[in-house]
Visitor: 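Mind looking over this structure? Questions follow.
Letters A, B, ... are given to chains in the order of the sequence lines, protein chains preceding strands, and every chain is numbered from 1.
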Amino acid sequence: MEPQEHLEEKPLDFIRQIVAEDLQSGKHKTTITRFPPEPNGFLHIGHAKSICLNFGIAEENKARNARCHLRFDDTNPSKEETVYVQSIQNDVKWLGYDWGENLFFASDYFDQLHEFAIQLIKMGKAYVCDLSADEIRNYRGTLTEPGKESPYRNRSIEENLDLFLRMTNGEFADGSRVLRAKIDMASPNLNMRDPVIYRIMKTDHHRTGDKWCIYPMYDYTHCLSDMLEGITHSLCTLEFEDHRPLYDWVLDELETPCHPRQIEFARLNLTYTVMSKRKLLQLVNEKYVDGWDDPRMLTISGLRRRGYTPESIRDFCQTIGMGKKSSWIDMGVLEKAIRDDLDPKAPRMMCVLNPVKLIIDNYPEGTIEMMEAQNHPKNPEMGSRQLPFGRELYIERDDFMEDPPKKFHRLGPGREVRLRYGYLVTCVSYDKDETTGEITTIHCTYDPATKGGSAPDGRKVKGTIHWVSAEKGIDCPVRLYDRLFTAEFPDAEKGVDFKEYLNPQSKVVLEHAKAEPALAELEPGKQVQFERTGYFCADYVESETGKPVFNRIVTLRDSWAKEQGKS
RNA sequence: UGGGGCGUAGCCAAGUGGUUAAGGCACCGGGUUUUGAUCCCGGCAUUCCUAGGUUCGACUCCUAGCGCCCCAGCCA
């Protein structure tokens with residue numbers, strides 16, 4: 001791929017435009033962004049959008065030494081754990097990004113943050129407030145009414161300093177006092193009504209241990225951390241737009257040497273799923289899914305286990321664009337991204353998901369013939385393999401109908417079909433269990449002149465179906481994954497629990513699919529296409545050596561199913 | 001009813017006073033095909049939330065309205 005090709009005419013999104021202007025105007029010599037997760041959960045596809053944005057911008061401006069920091073926003077020890085720190089690093093790396101030396105923690109700045117707080121107090125811009133949480137809420141006012149000033153608002157600087165130091169030393173109980181910025185209780189922006197910037201929390205921190213019993217709040221911490229790292233553009237989601245005045249206030253009051261620009265963009269929403277950490281956590285805790293990395297979860301670890309590639313996720317993030325409009329991306333776009341990535345590179349294999357036996361009556365018994373099969377019809381460099389063919393095979397149950405319509409290009413009584421890389425066969429009869437109505441065996445005859453699947457007389461056979469040798473094929477479990485929810489917007493309906501819309505078919509377990517022998521050795525995690533059905537990979541949790549368990553990543557597009565759906 | 005945002009096709013999204021209003025997804029036709037896949041070709045907004053106004057000319061500027069999202073954690 002020519003790098004130039006990528007750049008051609010792809011219009012810059014509004015954030016990249018700002019970055020480019022700042023470089024051109026000389027406002028900045030380089031660009032420094034950051035991805036700032038809180039280590040309190042697993043990353044999901046929504047985070048991928050932010051990761052691709054922040055690391056993407058750094059990558060695009062590599063020539064000017066641009067970089068992107070990974071910074072953990074760990075200011076709330078009651079929710080954060082070191083296991084998340086590890087999983088987040090894994091996921092970012094897996095997506096293909098590298099923060100180099102620039103791994104930071106907001107907790108690294110606790111000392112400096114504390115100094116800045118003292119400075120604010122000395123400037124008369126912050127005060128210790130003894131109001132309880134409830135009282136603070138009551139004093140804050142409402143959306144339409146201004147707040148009231150705290151009775152502690154006008155304490156002397158000396159008293160504030162003393163109290164803050166005693167807070168720091170652990171002299172007061174959790175929740176008994178806070179440090180607040182002194183701004184404006186009548187501001188129409190609630191965030192500016194003397195926001196809390198430090199609270200007492202006698203909780204051990206995953207990195208600083210028991211050193212602190214007060215912890216800084218997000219608004220106060222984030223802007224200063226950005227500043228300390230020399231971030232040029234601080235990119236966050238829309239809900240922080242109202243916080244920007246506070247971000248700017250802290251940096252302005254403290255007269256810091258640099259002042260990063262916060263820019264907000266719309267978070268990712270996808271149809272047929274939920275994205276909030278709370279809801280994902282609920283699905284895990286209440287066992288609706290098998291853990292954070294359940295292949296149906298749109299966590300990065302779930303997608304990875306499902307068989308999605310980092311390339312496809314990055315491509316997806318580029319496709320969806322960047323804007324300030326709250327929007328819903330169709331799940332089909334994500335599915336399209338993985339199909340597009342896998343189509344050129346996934347080897348083709350054969351696996352019969354719902355097997356029914358097919359016997360070729362005129363084929364010699366006890367004979368196994370090796371048939372040559374392309375690993376990729378469009379890419380001969382991927383080579384070929386030998387497929388064992390015999391008198392008894394399995395084919396897909398859906399590929400046979402007792403009384404098929406005209407447009408059905410597969411097997412039916414008297415119909416001829418091509419067994420891919422095998423022979424042309426014609427159905428002569430079939431056996432049926434009269435009590436269940438289930439087809440038990442299909443009998444065919446084959447045309448020995450059609451080895452490989454081509455007819456020397458040039459006759460047209462419209463249908464080609466896949467098959468597996470009954471004798472040489474392997475028995476394997478397959479997990480057919482589908483969208484987790486049946487509703488386009490599972491959490492849109494007020495008063496209806498989103499779990500009502502869980503898709504009962506999101507995981508269909510097939511214990512006895514039949515796969516071609518080579519599939520026994522498929523390396524877990526490696527993606528292949530099962531011809532005519534979809535892209536799959538061997539699950540790296542459940543598979544054992546020589547005994548793969550397959551995950552369906554995504555189906556192939558199926559215009560026949562669509563056609564049937566119409567009638 | 002306070003404040004902050006946002007409205008271009010079914011879903012995303014370019015467009016920054018003069019273009020036939022990009023592109024992708026979806027959808028609908030057709031072609032190629034030993035995967036009903038892929039690929040290829042074609043179609044898909046006389047109109048940009050609405051109504052006025054400015055202008056020779058408006059998706060772009062102005063005014064008024066309508067709709068949707070976010071904000072009252074000692075969460076981030």
Visitor: Looking at A:Gln17 and B:U16, is any side-chain donor or acceptor paired with a base atom of the opposite kind under 3.5 Å?
Guide: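 Indeed, a donor on one side and an acceptor on the other fall under 3.5 Å apart.
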Visitor: Counting the atoms with a prime plus P, OP1 and OP2 as sugar-phosphate, which does A:Glu531 contact under 4.0 Å by heavy atoms, base, sugar-phosphate, or nothing?
Guide: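 Base: the residue A:Glu531, judged by heavy atoms under 4.0 Å, touches a nucleobase.
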Visitor: Could you encode protein contacts along nucleotides 39-45 of chain B as a string, one character per nucleotide from 5' to 3', using B for base contact, S for sugar-phosphate-only contact and - for no contact, with a heavy-atom cut-off of under 4.0 Å?
Guide: S------
Visitor: Could you tell me whether A:Arg459 and A:Asp447 have a side-chain N and a carboxylate O separated by less than 4.0 Å?
Guide: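 Judged by the 4.0 Å cut-off on N to carboxylate O distance, A:Arg459 and A:Asp447 do form a salt bridge.
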Visitor: Regarding A:Ser326, tell me which of base, sugar-phosphate or nothing describes its non-hydrogen contacts under 4.0 Å with the strands shown.
Guide: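 Sugar-phosphate: the residue A:Ser326, judged by heavy atoms under 4.0 Å, touches backbone atoms but no base.
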Visitor: Regarding A:Ser559, tell me which of base, sugar-phosphate or nothing describes its non-hydrogen contacts under 4.0 Å with the strands shown.
Guide: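 Sugar-phosphate only.
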Visitor: Partner of B:C66 by Watson-Crick or G-U wobble geometry, both contacts under 3.5 Å, or none?
Guide: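 By the stated definition (distances under 3.5 Å), B:G7 pairs with B:C66.
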Visitor: Is there a Watson-Crick or G-U wobble partner for B:C61 with both distances under 3.5 Å, and which nucleotide is it?
Guide: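 Base-paired to B:G53.
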Visitor: If you check every side-chain atom of A:Ser327, which of B:C75, B:C12, B:G36 has the closest atom?
Guide: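 Nearest to the side-chain atoms of A:Ser327, counting from C-beta on, is B:C12.
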Visitor: Just to be sure I understand the rule, does A:Phe240 reach a base, reach only the sugar-phosphate, or reach nothing, if contact means heavy atoms closer than 4.0 Å?
Guide: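 It contacts base atoms.
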Visitor: So which nucleotide does B:C27 pair with, by the Watson-Crick or G-U wobble rule with both distances under 3.5 Å?
Guide: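 Because both required distances fall under 3.5 Å, B:C27 counts as paired with B:G43.
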Visitor: Is any NZ, NE, NH1 or NH2 atom of the basic residue among A:Arg385 and A:Glu516 found under 4.0 Å from an Asp or Glu carboxylate oxygen of the other?
Guide: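 A salt bridge is present here (some side-chain N lies under 4.0 Å from a carboxylate O).
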Visitor: Kindly point out which of B:C71, B:A14, B:A76 is positioned nearest to the side chain of A:Asp242?
Guide: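 Selected nucleotide (nearest to the side chain): B:C71.
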Visitor: Which ones in residues 38-51 of chain A lie close to RNA chain B, meaning a heavy atom under 4.0 Å from one of its atoms?
Guide: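 Residues of residues 38-51 of chain A under 4.0 Å from RNA chain B: A:Glu38.
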Visitor: Any N or O donor-acceptor pair linking the side chain of A:Arg244 to the base of B:G4 at under 3.5 Å?
Guide: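 There is none.
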Visitor: Would you kindly compare A:Gly321 and A:Val461 by the position of their nearest RNA chain B nucleotide and give the one closer to the 5′ end?
Guide: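 Mapping each residue to its closest nucleotide by heavy atoms, the 5'-most match is A:Gly321.
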Visitor: Consider the side chain of A:Met217, meaning its heavy atoms from C-beta on, and name the nucleotide among B:A76, B:G4, B:G2 that approaches it most closely.
Guide: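 Nearest nucleotide to the side chain: B:A76.
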Visitor: Hey, does A:Leu238 reach any base, or is it just sugar-phosphate, or nothing, if we go heavy atoms under 4.0 Å?
Guide: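 No contact.
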Visitor: Looking at the side chain of A:Trp560, which of B:A22, B:G7, B:G36 is the nearest nucleotide?
Guide: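 The listed nucleotide nearest to A:Trp560's side chain is B:G36.
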Visitor: Is there a stack between A:His222 and B:A76, judged by ring centres under 5.5 Å and planes under 30°?
Guide: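 A:His222 vs B:A76: stacking no.
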Visitor: Using 4.0 Å as the upper bound for N to carboxylate O, is an ion pair formed by A:Asp398 and A:Arg532?
Guide: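 No.
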Visitor: Considering only B:A37, B:C12, B:G73, which nucleotide approaches the side chain of A:Arg140 most closely?
Guide: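 Closest of the options to the side chain of A:Arg140: B:G73.
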Visitor: Below 4.0 angstrom, N of the basic side chain to O of the carboxylate: do A:Asp74 and A:Lys79 qualify?
Guide: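 A:Lys79 and A:Asp74: not salt-bridged.
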Visitor: Look at A:Lys562 and B:C27 and indicate whether a side-chain polar atom (N or O) is within less than 4.0 Å of OP1 or OP2.
Guide: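 The answer is yes; a side-chain N or O of A:Lys562 sits under 4.0 Å from OP1 or OP2.
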Visitor: So if I take every side-chain heavy atom of A:Phe408 and compare against B:U1, B:G36, B:C70, which nucleotide ends up nearest?
Guide: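 Output: B:G36.
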Visitor: Of all of residues 184-201 of chain A, which get a heavy atom below 4.0 angstrom from RNA chain B, listed by number?
Guide: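 A:Pro188, A:Leu190, A:Val196, A:Arg199, A:Met201 - these, ordered by number, are the residues of the stretch whose heavy atoms sit under 4.0 Å from the strand.
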